[in-house]
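Counting starts at 1 for both ligands and their atoms, in listed order. Basis for what follows: all heavy atoms, side chains included, without hydrogens, waters or symmetry-related copies.
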Amino acid sequence: MRFPEGFVLGSATASYQIEGAVAEDGRTPSVWDVFSHTPGRTYGGDTGDVADDHYHRLDEDLDLMASLGLHAYRFSVAWPRVVPEGRGAVNRAGLDFYGRLVDGLLERGITPVATLYHWDLPQVLEDRGGWRVRETAEAFAEYAGAVAEALGDRVDTWTTLNEPWCAAFLGYAAGVHAPGATDPLASLRAAHHLNLAHGLGAQAVRAVLPDAKVSVTLNLHVFRPEGETGPEAARRLDAVGNRVFLGPMLEGAYPADLLEDTSAITDWSFVQDGDLEAIRQPIDVLGVNYYSTSHVRLRDAPAEPEPSPWTGADVVEVLPPEGPLTDMGWNIDPAGLTDLLVSLHETYPDLPLMVTENGAAFPDVVEDGAVHDRDRIDYLRRHLAAAQDAIARGADLRGYFVWSLMDNFEWALGYSKRFGIVHVDYNTLERLPKDSARWFAELIRTGDLPDA
Ligand code: IFM
């Protein structure tokens, strides 16, 4: 069970989930600062004010990564640290933090993989319409160019967006992520402007760094059709969950069935001439985030529409997941990862793939200074084996990043869910590698999947 030569094994985090220091060195509030400080929005009122205090513990965290032997580290840059007013002046102090991070990685032989947007939109841009409006896509391209200019050729791969589905549909339709809107039209506008941000951002990075490796990370959904109506339910959800991004980014068009399914909400006239050409930029690798699958069918009778990330949820039903479940309530279906990677390879045969997130939350306990997270090791082992199956079936998979390096702010669920392979004590901020961290380090050291 060996990975191919050169296969990248790393871990991932995101700025708002780990950094803290939200009001330091010129950073302004993001939508997540405002959302998390709004009563009732997050578990226990948790916020990212301190998070893992990574901003102040950079060297310790870099040493931790080196001790695990990570080949690569996937982090995100906080837009409101770098361009505090959303557009215009670039904040040198904000950029310097990421410069120190990148230099520290390179000194330790770890390859930096930068994501430009992992959901911390400057609130000042949300106040002007956020992802509902195209100005935000234009502002993103300016910001992307500024970061590319500053970090230059020290970054190996530039990822424009992380999981635009969550930003658009959890943020503007279901209302469970920032900015907390429940407006299906806004979510479709947001999806389009995120697509546009990807295209304009990719161009802006390449304008500064013509040889840059550019990517985007999508949380592609795997649907398991149930019964006779399952295939139609899966088609509808695939359109609004996956092809709404894959279509314009990789094929230069929104899928016809998506336009038809959403015609009662919009005529998509916010898509302007030239947008689709701008969105379809060559990418060097597609980042895939995978956690679980969803069993779906059509409803017997249409239900009262209520806030949901799924346009058409009144006719489509996502069935309760069958156990065993992770602490997120998500099912464990490693074959879904194989299916997803193989089907992407069949649809886009020349596109290299990278699993940019995979992992699981479990209710860890610290016992005598250790965390024996056997469930997580089992989850990781089975998913890495599933990735190997996909490679054996032809998928051009180049690497795998575990989510996450350390426990962190799990968005609306605050600190109640632990995804890290390193435990964080939120009282002392002490880091403690779990058994899974040692297991992952052993995998990196030997290139062989260790036993669970
Ligand atoms: O924590 C998130 C991450 O920010 C994006 N992908 C899914 C993870 C687990 O929910």
Side-chain angles (χ1 to χ4, degrees), residues 10-20 30-33 35-36 41-43 46-48 51-52 54 73-79 113-121 159-171 174 176-179 194 198 215-222 241-242 245 286-294 309 321 325-333 336-337 340 354-364 373 375-376 379-380 383 400-424 426 436:
S11 76
T13 63
S15 45
Y16 190 70
Q17 295 184 271
I18 63 165
E19 285 177 3
S30 73
V31 289
W32 269 97
D33 295 89
F35 187 78
S36 64
R41 290 304 206 173
T42 63
Y43 175 89
D46 287 348
T47 73
D52 292 340
H54 171 69
Y73 174 59
R74 174 178 177 255
F75 62 95
S76 79
V77 177
W79 185 346
V113 174
T115 298
L116 289 160
Y117 186 71
H118 197 128
W119 311 348
D120 35 9
L121 180 71
T159 304
T160 52
L161 309 176
N162 177 73
E163 301 184 355
W165 181 84
C166 296
F169 295 98
L170 298 180
V176 295
H177 275 197
L194 282 153
H198 160 72
S215 73
V216 64
T217 279
L218 303 177
N219 57 320
L220 295 167
H221 307 262
V222 178
N242 299 330
F245 300 109
L286 176 67
V288 175
N289 291 357
Y290 174 85
Y291 291 90
S292 63
T293 52
S294 305
L325 307 178
T326 70
D327 203 25
M328 294 292 280
W330 297 344
N331 71 4
I332 300 174
D333 187 353
L337 178 59
L340 175 58
M354 186 80 100
V355 173
T356 37
E357 282 182 30
N358 175 246
F362 287 108
D364 301 318
D373 54 341
D375 288 351
R376 184 172 293 103
Y379 179 100
L380 296 178
H383 283 78
Y400 172 101
F401 289 76
V402 64
W403 184 269
S404 179
L405 173 66
M406 52 191 168
D407 295 334
N408 58 49
F409 176 77
E410 178 52 28
W411 307 110
L413 299 171
Y415 298 99
S416 67
K417 306 294 172 203
R418 293 180 176 274
F419 273 93
I421 56 172
V422 173
H423 181 271
V424 176
Y426 292 116
S436 57

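Using modelled atom types, one side-chain atom of Asn242 and one backbone atom of His221 make a donor-acceptor pair closer than 3.5 Å. In terms of modelled atom types and a separation under 3.5 Å, the side chain of Tyr73 and the main chain of Gly10 share no donor-acceptor contact. One N or O on the side chain of Asp407 and one on the backbone of Val424 form a donor-acceptor pair closer than 3.5 Å.
Every heavy atom of Lys417 sits 4.0 Å or more from the atoms of ligand 1.
Residue Asn408 places no N or O, backbone or side chain, under 3.5 Å from any N or O of ligand 1. Considering both main-chain and side-chain atoms, Trp411 comes within under 3.5 Å of ligand 1 through a nitrogen or oxygen pair.
Between Arg418 and Asp373 there is no salt bridge, since no side-chain nitrogen of the basic residue lies less than 4.0 Å from a carboxylate oxygen of the acidic one.
Contact atoms of ligand 1 toward Trp330: 10 (O) (distance under 4.0 Å to a heavy atom of the residue). Within ligand 1, counting atoms from 1 as listed, the ones closer than 4.0 Å to a heavy atom of Glu410 are 1 (O), 2 (C), 9 (C), 10 (O).
Within the 4.0 Å heavy-atom criterion, neither part of Tyr290 lies near ligand 1.
Side-chain contact, Ser15 with Ser76: a donor N or O sits under 3.5 Å from an acceptor N or O.
The closest side-chain heavy-atom distance from Phe419 to Tyr291 is below 4.5 Å.
For atom 6 (N) of ligand 1, the closest non-hydrogen atom on the protein side is Glu357 OE1, 2.5 Å.
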